[in-house]
Amino acid sequence: MKITALNGFKDIVPGEVELWQKVETAARDIFSRFNFSEIRMPILEKTELFARSIGETTDIVEKEMYTFIDKQITMRPEATASLLRAYIQHGLHVQKPVQRLFTIGPMFRHERPQMGRLRQFHQMDVEVIGAQNPRVDAELMAMGAMLLEELGVTVSLELNSLGCPACRPGFRKTLLDFIEDRYEALCDDCKRRSNTNPLRVLDCKNPSCRAQVVEAPSIQEHLCQECSDHFAVVQKGLQQLGVSYSLNKFMVRGLDYYTRTTFEFITGDLGAQAAVGAGGRYDGLIEQLGGPKVPGIGFALGMERLVLLLQQKKGAETVQGEMDLFVAGLGETASHFVFPLVHALRRKGLQVAMDHEGRSLKSQMKQANKAGAHYVLIVGEAELEQGQAVLRNMDDQKQTDIEIGTGIDKLSQSLLEICKPLDKFSDILTKRI
RNA sequence: GUGGGUGUAGCUCAGCUGGUGGUAGCACCUGGUUGUGGCCCAGGAGGUCGUGGGUUCAAGUCCCAUCACUCACCCCA
């Protein structure tokens, strides 16, 4: 019986992993432009952490977490809770009034997999802790938009405010009254939702529910003065930064801790999984987890979804590797000579490969070609005797003789000089992706 | 947890109303070139037809079960 990866768990193989590297590299670049620092947390946490932050009655906590029940530990289903735990544990608020942190890594949820949704999935998570100013909300969204733009994926930004503990309960009541009048017209899921999480009724996909809900009261019109002012400045900030967005009064968040600003980067190209990234403000959460009374805001980008979008773009051919030099030794004597030479060249910084299987020159040339070698050094019995080898430029097919009787150090030095000027490796690689 | 679709070579897939698994494409290996890549040509290797039962003289094909994958619902990045 063949052993395969678990359902919902995926290998990222060569040819695909380059896209992931591209996404990560772009993200690290942008995050550092915005003065964020990386933080890495463990994947396992005490179950209680997630129950307290995400919400005891959310689907995630109730049925989607990978938990070792006997040990009361859980594989993180999202990053924010762990990151805040680390922030509190290390007293990072004392070091700086405002912490700008990001983390990249795997998350785990036991859901049924589908396009863009796996059981182990990867997020890039960004959090600003200690900043109250609504301009920071706008700045964060602008950063997300900038990253997505640089990656070349087209998304739209949708924005809403969920209010705060002062005004949300009032709206909730208003909404419940509205739903009450139409209860019988709603689908079974929405009937259930109206008890558990009435806001969820607003973004039901069922067309008849949508029709019912069109006239629903908008939370944006029921915000308290502070929340309303905050929301206005967020929008003003987005306009200042030239970030286009649209208001969506139906947008709701799945996690309990969100307050005020919430937003999603949406695409139409991923089937049912429209959100490429999403986040919002969580002003009470840090205190609730036993930390200082500071506000926070953040968002997460789904890496699988980003990679899928990149793959969908035209000309998304698999990335071809490159190397500086392939050394072809013909026969046992030549291979014996070449073996330490390859090592010496690698030590000097060249990307070098050789064949160890005693294959024909033709076969080795094929290997070199496939590997994207720019040069091939051919060392045969005849060359060895004459103290010479042939250096072939694979790009223009020109061959030159090169002295090899002078010792490996000198030989590798001259090869280094020939091969290195061509080393625009990283630029070329970046462009090809 | 609920529903639909699909399982044939490493990958993409043919295989009609049951009658010996495809000269299919890509990829791989070897040769055409006594020591020279890409293109072309020739050859080669690669399969318990997802698995287990059943019907039948005969099952990749029909039936049942099971597993896996996949899309959607729920939920969510």
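Within every chain, numbering begins at 1; the chains are lettered A, B, ... in the order of the sequence lines, protein sequences first and strands thereafter. As a basis for the values below, the full set of heavy atoms in this structure was taken, side chains included, without hydrogen atoms, waters or symmetry mates.
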Base, sugar-phosphate alone, or nothing: which one does A:I54 contact when heavy atoms must sit under 4.0 Å apart? nothing
With rounding to whole Å, what would you report as the distance between B:G47 and B:C41 at their P atoms?
26 Å
Open item on the list: Roughly how many Å apart are B:C74 and B:A9, using the C1' atom of each and rounding to a whole number?
Closed with: 39 Å
Atom P, compared across B:G18 and B:U61: separation rounded to whole Å: 11 Å
Examine B:C28: is either OP1 or OP2 under 4.0 Å from a nitrogen or oxygen in the side chain of A:K370? Give yes or no.
-> yes
message: Please classify the nucleic acid contact of A:G116 as base, sugar-phosphate, or nothing, using heavy-atom distances under 4.0 Å.
response: base
Against the side chain of A:R192, the closest entry in B:A72, B:A77, B:C74 is B:C74
Smallest heavy-atom separation, A:A26 atom then A:L151 atom, equals CB-CD2, 3.8 Å
The Watson-Crick or G-U wobble partner of B:U36, with both key distances under 3.5 Å, is none
To the nearest angstrom, the CZ-P distance between A:R193 and B:C75 comes to 4 Å
Rounded to whole Å, the CG-C1' distance (A:D59 to B:G1) equals 10 Å
Counting the atoms with a prime plus P, OP1 and OP2 as sugar-phosphate, which does A:L301 contact under 4.0 Å by heavy atoms, base, sugar-phosphate, or nothing?
nothing
For A:A382, answer base if it contacts any base atom (sugar-phosphate contacts may also be present), sugar-phosphate if it contacts only those atoms, and nothing otherwise; contact means non-hydrogen atoms under 4.0 Å.
base
Determine the interatomic distance between C1' on B:U66 and the same-named atom on B:C73; round to the nearest Å.
24 Å
Discussion item. Counting only side-chain nitrogens and oxygens, does A:K205 get under 4.0 Å of the OP1 or OP2 atom of B:A72?
Written reply: no
At less than 3.5 Å, do the side-chain atoms of A:R112 and the base atoms of B:G1 form a donor-acceptor pair?
no
query: Are the charged groups of A:R119 and A:E111 less than 4.0 angstrom apart, N to O?
result: no
From CZ of A:R117 across to P of B:U70 the rounded distance in Å is 12 Å
For A:K362 and B:U33, is the shortest distance between a side-chain N/O and OP1 or OP2 below 4.0 Å?
-> no
Using a cut-off of strictly less than 4.0 Å, decide whether A:S363 has a side-chain nitrogen or oxygen near OP1 or OP2 of B:U30. yes
Separation of B:G4 atom P from A:M115 atom CE, nearest Å, is 21 Å
*Looking only at atom C1', what distance separates B:C49 and B:U20, rounded to whole Å?*
14 Å
For B:U30, the nucleotide meeting Watson-Crick or G-U wobble distances (both under 3.5 Å) is B:A42
Query raised in the report: With a 3.5 Å cut-off and just heavy-atom distances, do the side chain of A:Q397 and the base of B:U36 make a donor-acceptor pair?
Result: no
Q. What about A:E383, does its side chain sit under 3.5 Å from the base of B:G35 through a donor-acceptor pair?
A. yes
Base, sugar-phosphate, or nothing for A:V376, non-hydrogen atoms under 4.0 angstrom?
-> nothing
Does this structure show an ion pair linking A:E24 with A:R28, if we count only N-O contacts that are shorter than 4.0 Å?
yes
Whole-Å distance, A:L118 CG to B:C69 P, equals 11 Å
Say you pick atom P in B:G21 and the same atom in B:C62; how far apart are they, in whole Å?
16 Å
- Item | B:G4 to B:U51 separation - C1' atoms, rounded to the nearest Å | 22 Å
Give a yes/no answer on whether the side chain of A:Q114 brings an N or O atom under 4.0 Å of OP1 or OP2 in B:C73. yes
By nearest-nucleotide position on RNA chain B, the 5'-leaning member of A:F265 and A:Q399 is A:Q399
ask   = Is the closest basic N to carboxylate O distance between A:E150 and A:R33 below 4.0 Å?
value = yes
key: Below 4.0 Å: OP1/OP2 of B:G35 and any side-chain N or O of A:R392   = no
Rounded to whole Å, CG of A:L384 lies from C1' of B:G35 at a distance of 13 Å
Rounded to whole Å, CG of A:N393 lies from P of B:G38 at a distance of 17 Å
Practice item. Under 4.0 Å between any heavy atoms, over every strand shown, what does A:M394 touch: base, sugar-phosphate, or nothing? Just pick one. Key: base
A:A368 near the nucleic acid: base, sugar-phosphate alone, or nothing, with a heavy-atom cut-off under 4.0 Å? nothing
As its Watson-Crick or G-U partner within any shown strand, both distances under 3.5 Å, B:A72 has B:U2
Across every strand shown, the nucleotide meeting Watson-Crick or G-U wobble geometry with B:G22 (both distances under 3.5 Å) is B:C13
Between A:L6 and A:T58, whichever has its closest RNA chain B nucleotide further toward 5' is A:L6
Shortest non-hydrogen pair, A:Q364 vs A:A328, comes out as OE1-CA, 3.2 Å
- prompt: What is the nucleic acid contact for A:R359, judged by heavy atoms within less than 4.0 Å: base, sugar-phosphate only, or nothing?
  reply: sugar-phosphate
Review point. Using atom C1' of each nucleotide, how far apart are B:U8 and B:C75 to the nearest Å?
Key: 36 Å
Closest non-hydrogen contact found for A:K10 with A:L118 is CG-CD1, 3.7 Å
Per salt bridge (Lys or Arg N to Asp or Glu O under 4.0 Å), A:R100 is matched among A:E38, A:E139, A:E127 by A:E139
Mind checking if A:L306 touches a base, just sugar-phosphate, or nothing, with heavy atoms under 4.0 Å?
nothing
As its Watson-Crick or G-U partner within any shown strand, both distances under 3.5 Å, B:G60 has none
- Phosphate OP1/OP2 of B:C67: any A:N7 side-chain N/O under 4.0 Å: no
ask   = Within a strict 4.5 Å, meaning less than it, do heavy atoms of the A:V23 and A:L310 side chains meet?
value = yes
Checklist line | Aromatic plane relationship, A:F9 with A:Y66 - under 30° parallel, 30 to 60° tilted, over 60° perpendicular | finding: perpendicular
A:M365 has its side chain closest, among B:G37, B:G35, B:A72, to B:G37
Separation of B:A77 atom C1' from A:E158 atom CD, nearest Å, is 15 Å
